[in-house]
Amino acid sequence: SQTIHQWPATLVQPVGSPLSLECTVEGTSNPNLYWYRQAAGRGLQLLFYSVGIGQISSEVPQNLSASRPQDRQFILSSKKLLLSDSGFYLCAWSLHRVGSPLHFGNGTRLTVT
Amino acid sequence: DQQVKQNSPSLSVQEGRISILNCDYTNSMFDYFLWYKKYPAEGPTFLISISSIKDKNEDGRFTVFLNKSAKHLSLHIVPSQPGDSAVYFCAAGGETNFGNEKLTFGTGTRLTIIP
């Protein structure tokens with residue numbers, strides 16, 4: 001069966017510091033991979049998605065970047081965090097098939113102070 | 001522009017009764033829809049989906065109804081149980097250039113089941 005791991009679970013970082021969140025998927029190959037953010041009181045906003053190694057699409061202009069160095073590894077990064085980067089970050093995977101549901105990790109609660 | 005809308009931020013239902021969660025969308029290109037359930041500090045869990053070629057899909061206590069002409073879908077939970085208390089997200093998607101399933105999510109409805 002497929003599993004998705006996301007870490008860390010919580011993170012407190014000062015403004016201006018770098019960020020690296022990692023996500024790995026097991027039990028499937030060549031998945032679509034996603035980073036979503038849920039800000040307080042808001043829905044899920046798609047940040048990045050990837051259909052293959054080295055292929056990253058950005059949905060919104062922002063202070064963040066994503067990379068996919070391996071087939072089942074997805075990394076969310078920032079060189080300098082802003083207060084507005086605080087939120088709940090979720091990694092997800094899906095199959096390459098229309099209608100395939102997304103399967104989410106347990107998320108990372110990021111607080112920028 | 002919010003293409004998927006959940007206009008009720010919260011809903012309270014007695015245990016054993018029916019819970020009905022609603023969702024509206026504006027993009028007629030959406031051709032499949034999903035419901036997710038989310039507990040605090042966890043990722044959303046997929047519940048049930050429906051293709052635009054259907055108007056109903058049922059899975060145990062969960063039924064999703066789709067009204068394409070009204071661009072409206074609903075999730076029915078019968079009977080409601082205390083463990084159903086969570087935030088429910090509606091999501092919509094359609095085939096993209098890469099066959100990539102990019103979902104647009106609503107803002108969620110917090111369901112509270114009253115014992």
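Only heavy atoms go into these numbers, but all of them, side chains included; no hydrogens, no water, no symmetry mates.
Closest of all the heavy-atom pairs between B:F46 and A:L102 is CB-O, 4.3 Å.
Using cut-offs of 30° and 60° on the angle between ring planes, the pair A:Y36 and A:Y34 is tilted. Between B:Y36 and B:F105, the ring planes lie tilted relative to each other; the angle falls in the 30° to 60° range.
Contacts from residues 51-83 of chain B to chain A, taken as heavy-atom pairs separated by less than 4.5 Å, involve no residues at all.
Pairs passing the salt bridge (charged side-chain N to carboxylate O under 4.0 Å, His left out) check and including a residue from residues 66-82 of chain A, sequence neighbours excluded, read A:R68-A:D71.
Side chain of A:H103 to main chain of A:I4: no donor-acceptor pair is present (N/O by atom type, distance under 3.5 Å, no hydrogens or angles). The backbone N or O of A:E22 lies less than 3.5 Å from no partner atom in the side chain of A:Q73, so there is not a single donor-acceptor pair. When atom types are taken as modelled, the side chain of B:Q6 and the backbone of B:L21 share no donor-acceptor pair closer than 3.5 angstrom.
With a 4.5 angstrom heavy-atom cutoff, A:L46 touches chain B only via side-chain atoms. For B:A91, no part sits under 4.5 Å from any heavy atom of chain A, backbone or side chain.
Hydrophobic cluster membership is shared by A:L19 and A:V15, with clusters built from Ile, Leu, Val, Met, Phe, Trp and Tyr side chains linked at under 4.5 angstrom.
Options A:T10, A:T108, A:L90 differ in how many heavy-atom pairs under 4.5 Å they form with chain B, and the most are formed by A:L90. Note: B:F89 leads B:Y39, B:F33, B:F89 in heavy-atom pairs under 4.5 Å with chain A.
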